[in-house]
Structures are given as structure tokens and as C-alpha cells.
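Input: a single structure, listed below in C-alpha cells.
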Number of protein chains: 2
Amino acid sequence: MSAEVVDSNPYSRLMALKRMGIVNNYEEIRSFSVAIVGIGGVGSVAAEMLTRCGIGRLLLYDYDTVELANMNRLFFRPEQAGMTKTDAAVQTLVGINPDVDLESYTINITTVDGFKTFIESLTRDNKRKRNTGGSKSGVDLVLSCVDNYEARMVVNQACNELGQTWMESGVSEDAVSGHIQLLIPGETACFACAPPLVVASGVDERTLKREGVCAASLPTTMGIVAGLLVQNSLKYLLQFGQVSKYLGYSALKDFFPTMELRPNPQCANLACRQRQGEYEAAKPARDLAARAKADADAAEAALASKVPVHDENEWNISLVDDDEGVAPLGVVAGQQGSAGYLPEGLLRELPDAEVFDESARTEEAFVKPEGDLDDLQKQLEALNAF
Amino acid sequence: MSAEVVDSNPYSRLMALKRMGIVNNYEEIRSFSVAIVGIGGVGSVAAEMLTRCGIGRLLLYDYDTVELANMNRLFFRPEQAGMTKTDAAVQTLVGINPDVDLESYTINITTVDGFKTFIESLTRDNKRKRNTGGSKSGVDLVLSCVDNYEARMVVNQACNELGQTWMESGVSEDAVSGHIQLLIPGETACFACAPPLVVASGVDERTLKREGVCAASLPTTMGIVAGLLVQNSLKYLLQFGQVSKYLGYSALKDFFPTMELRPNPQCANLACRQRQGEYEAAKPARDLAARAKADADAAEAALASKVPVHDENEWNISLVDDDEGVAPLGVVAGQQGSAGYLPEGLLRELPDAEVFDESARTEEAFVKPEGDLDDLQKQLEALNAF
């Protein structure tokens, strides 16, 4: 994966994420495996996004075929009508980025045989997984992009059994809202911890569908939900930003609700309760690791306070003492490195610091903490570790 | 545009938006013209979404060619490297939906000749525009998907001159934030009303780019911004939901800020100040129309209160008097039409209304408004019209 900035490098704009300080380790994306269940309006776009990002390995699951009625969503093309969604997806994705290892499974995971194949495919090749950490799975993340509760419950079952982190996604029947959700077995609620009414009451959801009526869908809503899903997948895999636990999208008012769901100790799913027990049992080890990390961070911070933050300083940013003379307004280029430097053509909009009321800056305005600040910081971090 | 629910109908899932009560007039999308300036990471996906939605006519503007370095965003394919973005876009879009009238312009709108062609193409064929309402433009909406301020200022100039509503979009250099913005000449701020610092200070932004450094980009962020842009375009054109004036997206924390920007009476752009004057002058007519609409709505509401809300009542929903006996818990199917009806397999989770504390329901708890409620409603609407 080259970072070279030339027009012929498909990864230059991705590797630039490192230079911009967003991601430390972008090239690690080549080592991750992601499974996508359901290659419809959301799953197909998610697969394309991950393929273009250069993901290492993609496992695709669907049993449906492409229809012209799917053309109101991104990804599939009219000439693919009649092909299985998995075959059509592989055809398109290989053309976009041959570097990605693609595995496709034309199966219905809600059947007995389908479930068996699903579990086998997830566990096989688990040397490929970056961090096995107690999980039997061979993938780093499972994305659920299915359109019914039965399939969601099957993904939930598999991931609870394998201790596999997954993300769920969904779009409403009226096409104007959707959501994504992160599920970590034992740590967050599983899909059975707080089941939707239709699941809790055991109704066969197929009886709810009516002849001659179809759900509405829009390429916009599906594309946005796929984008939010893969964006959070990238944050999870490459460890940057903050992964949303639950993020909703309501198109009519551009409203984006968030929430967190804790696991239910009375969850009906046995595997979920087992994972909850393991998570609870591992608490002392987690606390120890958190305290060690806090200590290491504090040590690093103490060290860092003694050296300049940036060795390179391409924007010539420097701290000046308030009492030091600041260059007058309108000083322009040719003075690189001095505190008064401004690029050619730019003028200062605000007056110099000197002009502001000096009285607000008296020593008395600041309350000095008692004791040593480093000590207080360490105490705080130790408390946070619990 | 057929609403028939068959696998071979590419519009069935879009026409279902009418049945779901989201859009009144989906088929009107065939009568709209939209111009997209900049067919890059955001513009190309916006074009594909509108094409799959069945937009009537698309005008595409770009002067750049497809490079392998663009493959980390959706839409373009490696075999299109070297083609102009306009040619490659037309090739793909025609294949997806031949019903859309595509016009492509391989021009740089920031040149003198380019600007002339841009204005001519926007004003030509203005019989195609649904509602000309004083505007000289022949399109219903302009989407700006460019990657520099100079081009944004040119789109702003053209739209101010033509009185053309447009939407602006942008993605940050570090690929993890973006925004969309609605601009209605005279009514909202134009792009010159509160210009970014680099525009206000007249710096040539090309001098800010450095050799061997490129901006980062992600298919996720670009896809989300394109989705939000086209979703708001659909809401604007088909008149449903609420069009966002400004919507930001910050990927690291999934934060979506909104705001409104009023026009600046001292805006440096002459055409903007002219549109502001016209908008001000048209205020009495707007007020009159708003009052007429309020009266019509009130009359309709008065009429509606006398007839049942739904003639069809497929879910058998009915209001029951609190004093009327309600069927006991657990009553199941076979009683369609009665107030106690529940679909097979569903049980009531909450107790009957009867079980709740009766004391909270005394007449004294409700303060009866003085005078007639309809009168109050009309007074309120008349106030709101100003």
C-alpha cells in the first residue's frame, strides 16, 4: 500500500489520512476481514466502500437475485438482473479493486444448513484475524445488512456463540429513517436483550407482509446508512474517533439520535448470558490493564512535557510570551519563523492581545491547586480505571 | 412511471413512497431539471442517486479526467481512467437509467468562456422548469459539488444573477467532516454574505497547495454528504419533510450540527443585494398568500373535524370512550373491528386504561380555554403569517 502522491496510485488519498493525523496505521486495513450479511441496498454499498478502502478480505452472504425493482438503490446495474446478488457483487467488486480477497456464500443463513455454513465460514481461516482475543471467529467484524428480524436473530445467535463483535443496520419500510448499532457480546445489549415487539411476541413476520404491497426505498437513505455503518467500522478497526453505540437517522428532519444499550441479565439468549458472565469475570484483568495504560500515559505525558510537541513545524507555529512584543497588524510574508508571520494576502481580523483589557489577566484570577498537579492527575486516572 | 409491484418495475419502491404517505406526488420527479457542478467524489454519487430516483433531466459540469487516485471514492471504475469525468459519468448513468435526459458540459466554469457556457446552459430550455416564478433559470435546482472556493464563488455569482436556488456541499481536507447548505438568493445568506477567511482576504487558494501533498478522502464521508445533499434535494423538489438550511457532519463523533444564515445587507455581491431588495419588496404579497393559506387550512381543518379521518381503516383502529368497556387482556384474533382486536400471537404489555389511577382524570385537572378554540387558532395563524 503506497502513500506516493501520483494520479495512478489508488491508495494515495487514503494514506493521506496518516499525514492529516486522523489514522496512525491506515495500511493495517489490508490485514482485516469483514463479513457482510445481506447484499441489498445497504450491504452492497457497504461492500463497495470497504473494497475501495482496500480492506483485506470480504465475506459476502445473500441468497437473493438482482431484480430491476432494485435499481432505485446504488450498486447493482440493470444488466445484472437475474444474477445472484453475491455473483453480481463479486463481478463488480473485483473490477473495482482486485487487491481484496472476496469470498461469497449464496446461502440463506436462517436455514439449518445455511446456519452451519455461516458458522463454518466465520470460524475458518481464523489465523487471518488480527486479534483473536478469546473469540473463535476468523473475522474482525460482522456487518448485518438484512431486511428482516429472523435473519437478524440468526446473526445475533452466531455472534453470541462466537463472541464476535458485529454491527447491525436497518432502514424503515417508509424509506425515511434508518439506524446502525454496535453489538459486543457480553458488553453491550445483544439483539435479543431488548427485542422488538414482533420478535418478543413470536409472530411470524412473513404473515405481516401483504400481497401487492412493497416497502419503499431510496438510494439516499440506503447510501447514508451504509456510509455511517462503514465509517463506524473503519473507526472500530483502525482505532480512531469514537465508535457510535447506536446512531439513528431520520430523513424528514435530519435528526440523528444516539443511545447506549446495556446487556439484559435476563436475556433469553443463553450464549448472550454466557458472554455476559465472561465479561464480568474479566473485570479485574480489564481494570489492571486500564491502570497500567493510565500509568504509561502519565509517564509519557511527563516525558512529553519536557520536549517540543512537534519536531517538524511546517506551519511555523510558536508560542510567544504575552509580554513579548508582537509584530504589528498587516505584517506579511518573508518573515517565516517569527511570531508575526502571516501568509501573503492575509490580514489579522482581531486586534493584538495587548489591546484587550489587562485587568482580566491578574494572577489572583487563577486559583492554584494545592499539591502537585501530576499527583492529582494520577489519582484521577486511577479512579477512572474502576 | 408505474407503481405496479412487480420485480421488473424499477420505480415500484419509489412509487411506494406515496402509499406510505411520505410523498404526495412522486411521479412529478420526471418533470424536474437539476444541474450538478463538479462530478467528483460527491457530485458523481449525487448524480447516480438522482438518476436512480428517475429525475427528469440532469446537467453535469466538470473539466477534469478520471484518475486511479479517484478509486477510493464511489462511482468511477478503474477502466474509466483517462476519460473525462463527464463522459465517464454519462456512460455509467445511461446504463443505469436511460429515462433520464443527460446533458454534459466538459468546461471549467471559472474561465470567462466557461462561465458564459454555464449561464447559457442554465437559462436555455427554461420551458422545462416547473415553476419559473420570476427566475431566468431553466433548472429547478443547482448542486455545487466542487472542491475549491473559486468555483463556489462562480456558482454563487451565476445563481445570484439568475435568482436560482442552489445547494452547496463540501468535505474537509482530512476527510472526516463535511456539510451541505441551502442558498436561496435574497432569502438566505449567499456564499459571499459571510465568506470564508481565505475568500475574504483575496488569497489565491492555489498557492496554499503544496507539492507532493494531497487531501485525504474516504468513500464513506463522500457518500454520506452526497446522500444528505440529494435527500434534501428530494425534500425540496417533492415538498416533503423539512429542508435543512445548513447541516454539518463530523465523522469522528457522529455529530451533525445545524444552523441558519441570514443574508448580509452589506454583502459584497451586487446581485445578492438586488435579490435581497426584491425579496424585501415581495413581503406584502408573501404575507397575503400566507394568510390566505392559513384561512384555507383552517377551513379545511374545520371541515375535516366533521368527517372520519380515514375512509379505509385497514388496521381497524377506533377510538373508544374511556367509560366504555374495553376487552380484557389477551383477547386474540377473530374479532376484527372490535376495540379489543389484536393480531394473532400479540399480547397487551400494559394494563387496561381502567386500571390506572382514576383520580388523575378529574375534570378539574384540565383548564378549559376561554372563548372558541377555532377563533384562537385563527388568531394564532394570522400572527404567524407576519
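Chain naming here is simple, since letters A, B, ... match the order of the sequence lines and numbering starts at 1 in each. Since the structure is predicted, the reported quantities are computational estimates derived from the model, not experimental observations.
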So, taking the atom named [atom1] in [X] and the one named [atom2] in [Y], what distance separates them when rounded to the nearest 0.5 Å?
X	Y	atom1	atom2	value
A:Lys253	B:Thr258	NZ	OG1	12.0 Å
A:Glu79	B:Ile96	CD	CD1	9.0 Å
A:Arg73	B:Arg13	CZ	CZ	5.0 Å
A:Leu218	B:Arg52	CG	CZ	13.0 Å
A:Asn232	B:Thr220	CG	OG1	9.5 Å
B:Asn72	A:Thr51	CG	OG1	13.0 Å

Do other residues, nucleotides or ligands put more than 12 heavy atoms under 6.0 Å from [X] [atom1]?
X	atom1	answer
B:Phe256	CZ	yes
B:Tyr246	OH	yes
A:Gln91	CD	yes

If we define contacts as heavy-atom pairs under 4.5 Å, which of [options] has the most with chain B?
options	answer
A:Leu247, A:Asp204, A:Leu50	A:Leu247
A:Phe255, A:Tyr11, A:Phe75	A:Phe75
A:Asn70, A:Leu229, A:Thr221, A:Val6	A:Thr221
A:Ala251, A:Ala200, A:Gly21	A:Ala251
A:Ala226, A:Gly241, A:Ser217	A:Ser217

**Heavy-atom pair of closest approach, residues A:Ala16 and B:Cys214** =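 It is CB-O, 3.6 Å.
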**Taking every non-hydrogen atom, the tightest pair across A:Leu17 and B:Ala175** =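 The pair with the smallest heavy-atom distance is CD2-CB, 3.9 Å.
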Let me know if [X] has heavy atoms under 4.5 Å from chain A in its side chain, its backbone, both or neither.
X	result
B:Thr92	neither
B:Val230	both
B:Leu234	side chain
B:Val225	neither
B:Leu74	both

**chain B contact via A:Ile22 - which portion, at a heavy-atom distance below 4.5 Å** =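 The answer is the side chain of A:Ile22.
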**Asked** Could A:Asp174 and B:Arg19 be called an ion pair, given the rule that one side-chain N must be under 4.0 Å from one carboxylate O?
**Response**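 The answer is no: the pair does not qualify as a salt bridge.
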Interface residue of largest heavy-atom contact number with chain A, from [options], under 4.5 Å:
options	answer
B:Ala46, B:Ala215, B:Gly95	B:Ala215
B:Ala81, B:Pro78, B:Gly223, B:Ser250	B:Pro78
B:Gln242, B:Met49, B:Met15	B:Met49

**Item:** Check against side chain to side chain contact (heavy atoms under 4.5 Å, CB included), B:Asp254 and A:Lys235
**Value:** CA-CA 11 Å; B:Asp254 283 332; A:Lys235 290 192 281 183; 3.5 Å; yes
**Prompt:** Does B:Leu68 reach the side chain of A:Asp7, with side-chain heavy atoms less than 4.5 Å apart?
**Reply:**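 A side-chain contact under 4.5 Å is absent here.
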**Asked** Mind checking whether A:Leu228 and B:Tyr249 have side chains closer than 4.5 Å, heavy atoms only?
**Response**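 Result yes, sub-4.5 Å side-chain heavy-atom pair found.
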**Asked** Under 3.5 Å, is there a donor-acceptor pair between the B:Glu67 and A:Ser8 side chains?
**Response**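 Distance-only check fails for B:Glu67 and A:Ser8.
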**Evaluation steps, side chain to side chain contact (heavy atoms under 4.5 Å, CB included), between A:Met71 and B:Asn97** = CA-CA 8 Å; A:Met71 292 307 131; B:Asn97 188 350; over 6 Å; no
